[in-house]
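Read the structure below first, then the notes.
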Amino acid sequence: MSDLWGLGDEGFGDVQRPTPIGPRGDTIPEHLLAGMNPPQREAVEHRGPALLIVAGAGSGKTRVLTHRIAGLLATREAWPSQILAITFTNKAAGEMRERVEHLVGEESRGMWISTFHSACVRILRREAEAFGFKQTFTIYDSGDVRALIKRLIKERGADIQGLTPGGVSARISKAKNELHDVDSWARTANLENPLDAAFLELWRDYESQKQRANAFDFDDLISQTVFLLRAFPQVAAQYRKRFRHILVDEYQDTNAAQYALIRELTRPVTRGELPDLRGDLEGASLTVVGDSDQSIYAFRGADIRNITEFERDFPGARVILLEQNYRSTQTILSAANAVIGNNFDRREKRLWTDSGDGDRIVGFTGYSGHDEAQFVADEIVELTSGGMAYSDVAVFYRTNAQTRALEEVLIRSAIPYRVIGGTKFYERAEIKDAMAYLITVANPDDSLSLRRIMNVPRRGIGPATEAALQAFADEQGVSLRDAMRRVGEIALGPKVATAITDLAALLDEWTAKPEADPGEVLRELMSRSGYTDQLRRSPDPQDAARLENVEELVAVAREHRRQNPSANLIDFLTETALVAAADELDDSGGQVSLMTLHTAKGLEFDAVFITGIEEELLPHRIAAMEPGGPAEERRLFYVGITRARKRLHLSLAMTRAQFGEVNPSAPSRFLEEIPAELIDWRTPPTAVRSSPQRALGSRWSDAPREQFVTGYRDPKPLPAGRPKGTFANTVTEVRDNSSMELAPGDRIRHKDFGEGRVEAVSGAGAKRIAEVRFDAAGRKRLLIKIAPIEKL
DNA sequence: ACCGAAGCACTTTTT
DNA sequence: GTGCTTCGGT
């Protein structure tokens, strides 16, 4: 650290600065460095063209980032407006802004701190007119994209086999994340393949529809910004000149498009590209923070090489490692280190703490997902009665479907909880309807939203009428909305024509007032369109809840306006389109948080439950077959483990219900990667086998599904030298009792509940259920197929 | 045009 | 088990 400021040879000295900076001698105020360990300190102080901070979980990277920004401001090396910080969620952006403001005060206003998507929308709105879009463009979420593609497939007829909306949208998304557009993709594609050719046509259709609707999809936001910067050098130069310090969090999860965006923004500006530029301007200084062990978004195109090859990409880059953990106990870190150590091809990094071992990890194996959920609930009661707040507890799972059992049991146990993400508020039908009204008002060209509300509530405009309107629009070369306004020129019944005219008039009235209060607009639209009336009059009790949801949305819009008095309808729509799951978290809630392992990234809790640690689920069956899949699933588990501050609970179930079918499940291979002495198993996982004699002393490692089909299979020997779980001496049988005939009155013996008498049998096939009154354990409902019972 | 009943396909993770 | 689509009746 001889050149502490990096100003010497790194070339800052000769460069023209567009705004004044303080005297070089300004030092970072001591309060910004107090209490930091040496690498943290260096990460705050280092100056140079590029800096990679390899930040292990819980190593204080947010603190380092905020203090680094505060340092830049405090020393007058940068104005707030010269800073662009990219975070993973809006919530993280808000927190970072708050913390920087806390450190350096009001003067920090004017920084851009946002997600990739929000930053790009901001750029695109400013520049929209330059490349054929209107400023009022709207944003399609994945549901909108699928709906549009679905319609396009349908319109093209049945000649395209094997093209599903989901498949097509995933493919388009993947291509865009790799920075392809339709034409560049077409050049590399093999169009001999009829499926690819059909896909290409569909994609072209999709793009032209989207353009006509004045809309972007999520992936466009990034890739179109890159194309914009590349196509308009003078536009790019403005942003390059403006942003002198770019900081990117969670860099391991950036994809090719996001990488390209960063590259574009950090290019130097040469004289002549901007009129008022006196000399060449070197590229912005880039700081990235990340941890390749926490890269979990490869499915979204994230490329781990962005971080592993950072030094090669950005010559002159400095790399700083943060390994000291300030979050978790050593027990939790040892488990995390042991698990992630099984990923080969990684840069060795070991988290450590000086804050002690803490409690052992608690393990539990339930009979079913419900049983497992009951364990979670019981433990939460235990923890909170010991003084822990509900909001300090989180429950993680691999798939959203796993919430059902958890929610049922938590409700029954009167534990307040909140599901983060999952079936989001904004995905509910009534909310999408309400939003579609707003979108149609804000962006009259968006025919997708217009179609959605055309006959909602019912006003007699059916498919036939809609087709007639569309035909007229195509014929006249106008929008669907224009066709509605000119309904008099179309031969339609008087009743239908009136309905269309009324709707068009209502929408136009508000389109003319784009600056009106969004909450007010929504309330008016909902009431005057008859939407609220329809729900109020409905006999369906669910409609009462839907009405409440719409009212809730009005309240959300009002609150947004209260917090941003100048925010118009488009601002509100943009914000709601870009909410991330983790943004829903508020710490004030006093509720247990339920979320997927993906959503958990970047968060931390005193007590963490990771559920469903089973083969097929974690690693997930689909991911396990993809190249790099198992390693990424392991990282996901690692992310989950490292969220815990004090207490970690790992649980699994011996059977798991899916599709309403119950199947046996095997403990995850990841469990035995944790040294046995770290886990206190309340009930250990057990060998799953079909022939009782073989299993004693066996391990349940490496237990893929065929084991259940074909019988017991000898596991591979474990690699020596690493302590492994040894739970195999306790063996439970999960057997297939499909053929067992039970009738009321039969006596049975259950492995744990003892003897009992069958009272009733219901259901059919794999779902046959016996109600049994056990002599000691009381009444239970057992799934005959998998219950550990025998007939007496 | 609208409603209810029956049949089916589906679930990995997300901005 | 759910949610969506299809079909047949009003």
Side-chain angles (χ1 to χ4, degrees), chain A residues 86-93 114-121 139-143 145-147 150 154 164-167 169-170 173-174 176-177 216-223 250 253-255 257-258 295-302 369 396-405 408 420-424 426-429 455 457-466 493 495-496 499 540 574 576-583 595-601 612 616-626 629 632-633 635-637 639-640 656-662 763 767:
Chain A
I86 303 286
T87 57
F88 206 68
T89 64
N90 297 298
K91 180 173 180 267
S114 68
T115 63
F116 270 107
H117 289 84
S118 302
C120 286
V121 170
I139 300 161
Y140 284 178
D141 67 22
S142 13
V145 171
R146 284 172 69 123
K150 193 173 180 182
K154 212 172 195 170
T164 60
S169 69
S173 172
K174 188 160 177 278
K176 287 181 177 176
N177 284 330
F216 289 104
D217 64 30
F218 274 137
D219 305 304
D220 288 334
L221 298 178
I222 315 287
S223 58
E250 306 286 6
D253 282 321
T254 50
N255 60 32
Q258 291 163 333
S295 166
I296 54 173
Y297 282 104
F299 71 91
R300 204 167 72 185
F396 303 154
Y397 36 80
R398 177 66 234 268
T399 68
N400 284 304
Q402 288 166 250
T403 52
R404 188 166 302 145
E408 277 175 29
I420 311 297
T423 327
K424 293 187 204 96
Y426 290 100
E427 284 170 14
R428 293 165 194 263
N455 200 30
R458 299 264 126 86
R459 43 174 81 89
I461 311 174
T465 312
E466 189 192 304
K495 237 177 154 175
V496 177
D540 186 344
T574 303
T576 51
L578 298 179
V579 288
D583 296 340
M595 69 191 85
T596 65
L597 285 162
H598 282 88
T599 304
K601 191 176 73 158
E616 313 280 279
L617 210 49
L618 186 69
H620 194 275
R621 165 168 38 90
I622 297 171
M625 297 189 320
E626 288 163 357
E632 176 145 324
E633 296 287 300
R635 290 194 292 269
L636 199 48
F637 188 39
V639 165
R656 179 83 43 194
Q658 217 178 2
F659 295 131
E661 276 230 335
V662 177
K767 295 178 209 169

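Letters A, B, ... are given to chains in the order of the sequence lines, protein chains preceding strands, and every chain is numbered from 1.
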Problem - Ring-base stacking, A:F659 with B:dC10 (5.5 Å, 30° cut-offs) - result: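 Whether judged by distance or by angle, A:F659 falls short somewhere, so it does not stack on the base of B:dC10.
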
Mark yes or no for whether [X], through its side chain, and [Y], through its backbone, hold a donor-acceptor pair below 3.5 Å.
X: A:Y397; Y: A:L597; result: no
X: A:R635; Y: A:S295; result: yes
X: A:D219; Y: A:K174; result: no

Under 4.0 angstrom, heavy atoms only, what part of the nucleic acid is [X] near: base, sugar-phosphate, or nothing?
X: A:D219; result: nothing
X: A:F116; result: nothing
X: A:Q258; result: nothing
X: A:I622; result: base

If you check the [X] side chain, which of [options] turns out closest?
X: A:F218; options: B:dT12, B:dT15, C:dG1; result: B:dT15
X: A:H117; options: B:dT15, B:dT14, B:dT12; result: B:dT15
X: A:A401; options: B:dT13, B:dT11, C:dT6; result: B:dT11
X: A:H598; options: C:dT2, B:dT14, B:dT12; result: B:dT14
X: A:A623; options: B:dT15, C:dT6, B:dT12; result: B:dT12

How many whole angstroms separate atom [atom1] of [X] from atom [atom2] of [N]?
X: A:Y397; N: B:dT11; atom1: OH; atom2: P; answer: 18 Å
X: A:E427; N: C:dG3; atom1: CD; atom2: C1'; answer: 14 Å
X: A:R146; N: B:dT14; atom1: CZ; atom2: P; answer: 14 Å
X: A:N255; N: B:dT14; atom1: CG; atom2: P; answer: 16 Å
X: A:K91; N: B:dT14; atom1: NZ; atom2: C1'; answer: 17 Å
X: A:F299; N: B:dT11; atom1: CZ; atom2: P; answer: 14 Å
X: A:Y297; N: B:dT14; atom1: OH; atom2: P; answer: 6 Å
X: A:M625; N: B:dT12; atom1: CE; atom2: C1'; answer: 12 Å

Practice task
Hey, which sits more toward the 5' end of DNA chain B by its nearest nucleotide, A:S173 or A:V496?
Solution key: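 Result of the comparison: A:V496.
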
Exercise for the section: Map A:R458 and A:T596 onto DNA chain B by nearest heavy atom, then report which one ends up closer to the 5' terminus. Expected result: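 Comparing both residues, the 5'-ward one is A:R458.
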
Problem - Smallest separation among heavy atoms of A:T115 and A:F88, with atom names - result: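 In terms of heavy atoms, the two residues are closest at CG2-O, 3.8 Å.
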
Handout entry: A:E466 versus A:I461, closest heavy-atom pair with distance
Key =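 In this case the closest contact between A:E466 and A:I461 is N-CG2, 4.5 Å.
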
[N], OP1 or OP2 - any side-chain N/O from [X] closer than 4.0 Å?
X: A:T89; N: B:dT15; answer: no
X: A:N455; N: B:dC2; answer: yes
X: A:N400; N: B:dT11; answer: no
X: A:S142; N: B:dT15; answer: no

Practice task
Please confirm whether any donor atom in the side chain of A:H620 sits under 3.5 Å from an acceptor in the base of B:dT12, or the reverse.
Solution key: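 No pair found.
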
Handout entry: Aromatic ring proximity, centroids under 6.0 angstrom, A:F299 and A:H620
Key =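 Here the rings of A:F299 and A:H620 have centres that are no less than 6.0 Å from each other.
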
